[in-house]
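Here is the naming used below: chain letters follow the sequence lines, and residue numbers restart at 1 for every chain. Basis for what follows: all heavy atoms, side chains included, without hydrogens, waters or symmetry-related copies.
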Amino acid sequence: MGLIDKKIIDNKRTSRLFWNNTAMVVFFLCTLVGLLVLAMLIYDTLNDGLRFLRWDFITNFASARNVEVSGFYGAIIGSLWLMLVTAPVAIILSVSTALYLEEYARKGRVTDFIKINISNLAGVPSVVFGLLGLGLFVRAMSMGNSVLAAGLTLALMILPVIAVASQEAIRAVPSSVREASIGMGATKWQTVSRIVLPAAIPGIITGIILALSRAIGETAPLVVIGVPTTLLRTPSSVMDPFQAMPMQIYSWVKMPQHDFSDLAATGIIVLLAILLAMNSVAIFIRNKFSRKY
Amino acid sequence: MTPDTKIETKNIKKQNIVSSTDAGTLSNDNRKNVFSSKNFNLWYGDNHALQDINLDFKENDISAIIGPSGCGKSTFVKSLNRMVELVPIVRTEGQIIYKDRDIFEKSFTKEELRTKVGMVFQKPNPFPKSIYDNVAYGPRVHGIKKKKILDEVVESSLRDAAIWDELKDRLHENAYGLSGGQQQRVCIARALAIEPDVILMDEPTSALDPISTIKVEDLMKELKKNYSIIVVTHNMQQAARVSDTTAFFYEGYVVEHDDTNVIFENPNDKRTEDYVSGRFG
């Protein structure tokens, strides 16, 4: 008793409470910076782009001469074609990889090394993937600047992103339910397909949609591959050339006439709307299927 | 009890094995063995976790395995359905005979073994599915698809697990909404649904409250009419209450295996006596 000077404790209290409140205010202000920037971006985009946002814009091909009739149709359809190739290739490869690494591979240095490198791959700049696609698909495999070449390139780019998200989702399934399944004579595959995957699916799908959202807005690999911006038809097979939304926006921004950069803003609005819709689906799926352990 | 089942020290025990005396064999009982382990050894890496285990378990007995933490009792019971091999560094030697077949034989797949030897785990581990789907999981995995049969299996398994009346109107609710005790009895029903011969229980009541514990113990006594039960327990009173025979494990050895009343009232080994009387462990 008496080792502690009660006066010091009383004096300190004011400053403790001050820092306690300060911390909250600082964190709130930092959050505010992000929100403000986002709000300004959206305001600016809407301000520039809304005047061209008409039905024509969705249904017309792009025109480099007349801004009034220039539209986003080829780019929207082209991007959808692109996703048609990217999504299945990326999903099958990355979810299988994640399942192999988490459920089948022997734990050890080799597995750890592969896991670390997949995470590293997720951080590789997209332009590098573009160069890979150019060398491998466009030239070596002579696919040209087709939907297939670009789709495979983007699939490679988002593969590690989905793989990492899937690994985390699979790891979050408690081992006790795996043991319950195996303990009843179920095979590994039955356990994986009936217990592990259904439990991990919300996390996997969230990862997939976020990765696809990134792929659909990605410009750099498409620039490297040489995706055309003046094309007055939509692809009819995966071997055809195509346009893409981010490429179209990029080419409009580069035009000297000011109206075209406003048109680019209109394109951004459409792209953002599509991204928002995709993210809403991700959130919906996560909430609908999420299970608690 | 014959005196040759008595094991005083590790040295004497090893001599017993050399002279091929079954340390865990109970004489004057001509019922069949469901399991008998012969010179069974197990290592986790360099850690020799089970040493020369010789134990026989009789049909329709409740056989308890007791011992302090880390004595290898859970490891042993998980060896019986080869679940222990989920740990990659595990290595085994010796034999475990399940009804005349060595469980480590190539032709005896783990899947077949685990169909005949069910398991109930320490913590209730229902699947995040409905109660019905939980119980029907085993039969479905083994290829039974007819709804009528599944319905019957679910009902009879839940009845055998003494939980049908509580849950019959809630079959399609998620099993996670149940209390811990109910979940554990659903897990027992789930294990019964594939009609195993043996049920292994690894501390089945350690996560349950006293009332649920009593329910599970009553259930075990009921189940032994049709099943052989091998139960690992931390709780000595539980072993004394429910089991027919008790094996005392200590530091990876079987110190003593005998009728439960002998183990608790007149043990041969000093360490057994100290443990069951609460002097250590």
Side-chain angles (χ1 to χ4, degrees), chain A residues 95 98-115 166-206 284-293, chain B residues 77-78 80-89 108-130 133-143 157 174-177 183-184 186-196 198-202 207:
Chain A
V95 175
L99 279 174
Y100 177 75
L101 289 176
E102 292 299 324
E103 297 290 327
Y104 292 89
R106 279 186 87 93
K107 305 277 170 281
R109 277 200 211 134
V110 180
T111 311
D112 286 346
F113 182 74
I114 295 173
K115 283 184 187 173
S166 303
Q167 275 174 272
E168 271 161 24
I170 291 164
R171 224 176 297 146
V173 180
S175 58
S176 64
V177 294
R178 289 184 182 87
E179 285 170 13
S181 171
I182 289 170
M184 299 171 79
T187 60
K188 185 99 192 174
W189 168 239
Q190 286 176 321
T191 305
V192 166
S193 61
R194 297 179 192 213
I195 303 295
V196 177
L197 264 186
I201 217 79
I204 294 176
I205 291 189
T206 307
F284 174 76
I285 289 172
R286 191 171 51 206
N287 292 344
K288 180 148 196 255
F289 293 102
S290 72
R291 301 155 201 255
K292 287 181 182 68
Y293 288 101
Chain B
V77 85
K78 282 183 191 158
L80 297 178
N81 68 347
R82 301 187 65 184
M83 289 289 281
V84 75
E85 291 165 47
L86 291 180
V87 181
I89 54 171
F108 201 175
T109 62
K110 291 175 193 171
E111 284 76 14
E112 184 188 353
L113 173 68
R114 290 169 189 159
T115 310
K116 293 175 172 163
V117 182
M119 185 156 202
V120 175
F121 296 82
Q122 187 169 359
K123 251 180 67 188
N125 56 355
F127 302 127
K129 297 171 181 276
S130 70
D133 288 340
N134 261 279
V135 182
Y137 182 79
R140 279 179 176 150
V141 157
H142 293 284
S157 305
N174 195 308
Y176 272 70
Q183 286 185 11
Q184 192 64 311
V186 167
C187 291
I188 293 174
R190 185 177 64 181
L192 297 179
I194 48 172
E195 299 174 3
V198 187
I199 303 169
L200 308 174
M201 295 183 167
D202 186 5

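Contact annotation for A:Arg194: both backbone and side-chain heavy atoms come within less than 4.5 Å of a heavy atom of chain B. With a 4.5 angstrom heavy-atom cutoff, A:Ser181 touches chain B via backbone and side-chain atoms both. For B:Arg190, the parts sitting under 4.5 Å from any heavy atom of chain A are the backbone and the side chain alike. Looking at B:Val117, only its backbone comes within 4.5 Å of chain A, counting heavy atoms on both sides.
Of all the listed residues (A:Ser176, A:Ala180, A:Ala186), the one sharing the greatest number of non-hydrogen pairs under 4.5 Å with chain B is A:Ala180. When the candidates B:Leu113, B:Val120, B:Val141, B:Thr109 are compared by the number of heavy-atom contacts under 4.5 Å with chain A, B:Val141 comes out ahead. Chosen from B:Lys78, B:Lys116, B:Gln122, B:Arg140, the residue pairing most often with chain A at heavy-atom distances under 4.5 Å is B:Arg140.
Residue B:Phe127 comes nearest to A:Val177 through the heavy atom pair CE2-O, 3.3 Å, listed as atom of the first residue, atom of the second, then distance. When all heavy atoms of B:His142 and A:Met184 are compared, the pair lying nearest together is NE2-O, 2.9 Å.
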Q: Starting from the C-alpha separation in whole Å, work towards a yes-or-no answer on side-chain contact (heavy atoms from CB on, under 4.5 Å) for B:Leu86 and A:Glu179.
A: CA-CA 9 Å; B:Leu86 291 180; A:Glu179 285 170 13; 4.0 Å; yes
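Within a 6.0 Å radius of NZ in B:Lys123, other residues, nucleotides and ligands contribute 12 heavy atoms or fewer. Heavy-atom neighbours of A:Gln190 CD from other residues, nucleotides or ligands within 6.0 Å: above the threshold of 12. The local environment of CZ in A:Phe284 is sparse, with at most 12 non-hydrogen atoms from other residues, nucleotides or ligands closer than 6.0 Å.
Between atom OG1 of residue A:Thr187 and atom CZ of residue B:Arg114 there is a gap of 11.0 Å, rounded to the nearest 0.5 Å.
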